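Have a look at the structure below before the remarks.
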Amino acid sequence: MPMTPVIPAGSGKPIAPFSPGAMADGVLYVSGTLPFDKDNNVVHVGDAAAQTRHVLELIKSVVEAAGGTMADVTMNHIFVTDWANYGAVNAVYAEYFPGDKPARYCIQCGLVKPDALVEIATVAHIAK
């Protein structure tokens, strides 16, 4: 099955060799998304809630560029640098998924830039 890269308008250049999203057979895979601006600088340093909102808005732009909505999201992989930020991440996350919740997991780990507090990767099933 062929894969189609999904790159929303206005996206910055990734810091590594990847596309923001990849669509294959109606399934969208959104790469791990960090709280970066278009120049790959971390935004909202020290604010886990604002970083989570920024990340989810970036994910939303990829999902919409593929023709879907956040209601099409079926799985999220969440990475946090500190469990102290778990509540703030969850509060913002709940705003983006108010109804039935996608499957997910959350782990604590180091991220590619020390000021980044959260990273999320997503899978969405988008109707053809």
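Nothing fancy with the numbering, it's 1 onward along the sequence. These numbers come from the heavy atoms of this one structure, side chains and all, not from hydrogens, waters or symmetry mates. These figures come from a predicted structure and were not determined experimentally.
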| said: Taking the side chain as everything from C-beta on, heavy atoms only, tell me whether T52 gets closer than 4.5 Å to V55. | reply: no
| request: Measure the CG-CD1 distance between L28 and I126 for me, rounded to the nearest 0.5 Å. | output: 4.5 Å
| Residues clustering with I7 (ILVMFWY side chains joined when closer than 4.5 Å, directly or via others) | none
| query | What distance separates D25 CG from T4 OG1, expressed to the nearest 0.5 Å? | reply | 11.0 Å
| said: Run the side-chain hydrogen bond (donor to acceptor under 3.5 Å, both in side chains) test against E64 and tell me which residues pass, sequence neighbours left out. | reply: none
| message | Contact between C106 and V80 at the side-chain level, heavy atoms closer than 4.5 Å - yes or no? | response | yes
| How far does NE2 of H54 sit from CD1 of I59, to the nearest 0.5 angstrom? | 10.5 Å
| message | Would the distance check show the side chain of D82 and the main-chain N or O of A84 forming a donor-acceptor pair, the cut-off being under 3.5 Å? | response | yes
| message | In terms of relative ring orientation, are Y86 and W83 parallel, tilted or perpendicular, with 30° and 60° separating the classes? | response | perpendicular
| note | Taken to the nearest 0.5 Å, the spacing of S61 OG from L56 CG works out to 11.0 Å
| Flag side-chain contact, heavy atom, 4.5 Å: K113 against N40 | yes
| request: Provide the full list of side-chain hydrogen bond (donor to acceptor under 3.5 Å, both in side chains) pairs with a residue in residues 115-125, sequence neighbours left out, each pair given once. | output: N76-T122
| said: My understanding is that only residues two or more places apart in sequence, or in another chain, count here; which of them pass ring-ring contact (aromatic ring centres under 6.0 Å, His included) with Y96? | reply: none
| query | Under the 4.5 Å side-chain heavy-atom rule for ILVMFWY, direct or indirect, which residues accompany V123? | reply | I15, V27, Y29, L34, F36, V42, V45, M75, F79, Y105, I107, L111, V112
| query | Which pairs, with at least one residue in residues 9-24 and sequence neighbours excluded, count as a side-chain hydrogen bond (donor to acceptor under 3.5 Å, both in side chains)? | reply | none
| query | Are R104 and F97 in a cation-pi contact, defined as NZ or CZ under 6.0 Å from the six-membered ring centre and within 45° of the axis? | reply | no
| task | Would you mind reporting whether V118 and I78 have side-chain heavy atoms less than 4.5 Å apart? | result | yes
